[in-house]
Amino acid sequence: MSPDADRSRMRISDADRAATAERLRIALDEGRLDLSEYDDRVRSAYAATTYGELEPITADLPPVTVPAVAQPAAALEHRKWTNEWREWLGGAIIMIAIWGGTSLLSGSLHSFWPAIPLGIWAAVLVAGALGKKEKGA
């Protein structure tokens, strides 16, 4: 009996299942799997009991590569700034939907109250960005 055949029948640990699930999460983040396929594979990983059942789940995925160079500080700062504005936009959509829904249900347009919290929030974001530029200059 070959060593591979023996390994395929060996029982796996929870750590082996978790490592496979993490590899699948990385593949999802990289765009190698869609959400449905990711879900199916994670379910299979946690249902697996042997290496023979677990290893085929990631066999078609390339090994994870570690980036050779960390992202520059400017790129990290830009990503943080983009995420802050994305959160602002999400808040804007929710507040405007509430305003629109209440106006629609009442049959008349209410004053556009989302302008106040969104304006304050935007001013804080802009002030924070300008303050960081002044410190860096």
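What you see is a predicted model, and the numbers here were worked out from it, not measured in a lab.
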Mind running side-chain contact (heavy atoms from CB on, under 4.5 Å) on Leu125 and Trp121 for me, showing each step along the way?
CA-CA 6 Å; Leu125 292 177; Trp121 192 356; 4.1 Å; yes

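- Clustering ILVMFWY residues whenever any of their side-chain heavy atoms sit less than 4.5 angstrom apart, transitively, puts Trp88 in a cluster other than the one holding Ile120.
- Between the CG atom of Leu118 and the CZ atom of Phe112 there is a distance of 6.5 Å, given to the nearest 0.5 Å.
- Between the side chain of Trp99 and the backbone N or O of His110 there is at least one donor-acceptor pair closer than 3.5 Å.
- Put simply, CG on Asp16 and CE on Met10 are 9.0 Å apart, with the number rounded to the nearest 0.5 Å.
- The backbone N or O of Leu61 lies less than 3.5 Å from no partner atom in the side chain of Thr58, so there is not a single donor-acceptor pair.
- Smallest separation of non-hydrogen atoms from Tyr51 and Pro56: O-CD, 4.1 Å.
- With a 6.0 Å radius and a threshold of 12 heavy atoms from other residues, nucleotides or ligands, Ile116 has its CD1 atom at or below the threshold.
- Taking OG1 of Thr82 as the reference point, atom CD of Glu87 lies at 11.0 Å (rounded to 0.5 Å).
- Among all heavy-atom pairs drawn from Leu33 and Leu28, the shortest one is O-CD1, 3.3 Å.
- In terms of heavy atoms, Met95 sits closest to Pro114 at O-CG, 3.7 Å.
- Tyr38 places none of its side-chain heavy atoms less than 4.5 Å from the side chain of Asp34.
- Side chains of Pro62 and Arg32 form a contact here, defined as non-hydrogen atoms less than 4.5 Å apart.
- A donor-acceptor contact shorter than 3.5 Å links the side chain of Arg41 to the backbone of Ile57.
- Separating the CZ atom in Arg11 from the OG1 atom in Thr49 is a distance of 5.0 Å, to the nearest 0.5 Å.
- The 12-atom threshold is exceeded at CZ of Arg25, counting heavy atoms of other residues, nucleotides or ligands nearer than 6.0 Å.
- Between the CD atom in Glu55 and the OG atom in Ser8 there is a gap of 8.0 Å [rounded to 0.5 Å].
- Checking Ser36 against Asp39 by side-chain atom types alone, no donor-acceptor pair falls below 3.5 Å.
- The structure places NE2 of His78 at 11.5 Å from CG of Leu76, a figure rounded to the nearest 0.5 Å.
- For the pair Arg17 and Tyr46, the NZ or CZ position fails the cation-pi test of under 6.0 Å to the six-membered ring centre and within 45 degrees of the ring normal.
- In the hydrophobic clustering of this structure, Leu104 does not group with Leu109; members are Ile, Leu, Val, Met, Phe, Trp, Tyr whose side-chain heavy atoms approach within less than 4.5 Å, directly or through other members.
- Under a hydrophobic clustering in which Ile, Leu, Val, Met, Phe, Trp and Tyr are joined whenever their side-chain heavy atoms come within less than 4.5 Å, directly or via other members, Val124 and Leu89 fall into different clusters.
- Using a 4.5 Å cut-off on side-chain heavy atoms (C-beta onward), Ile94 and Ile98 make contact.
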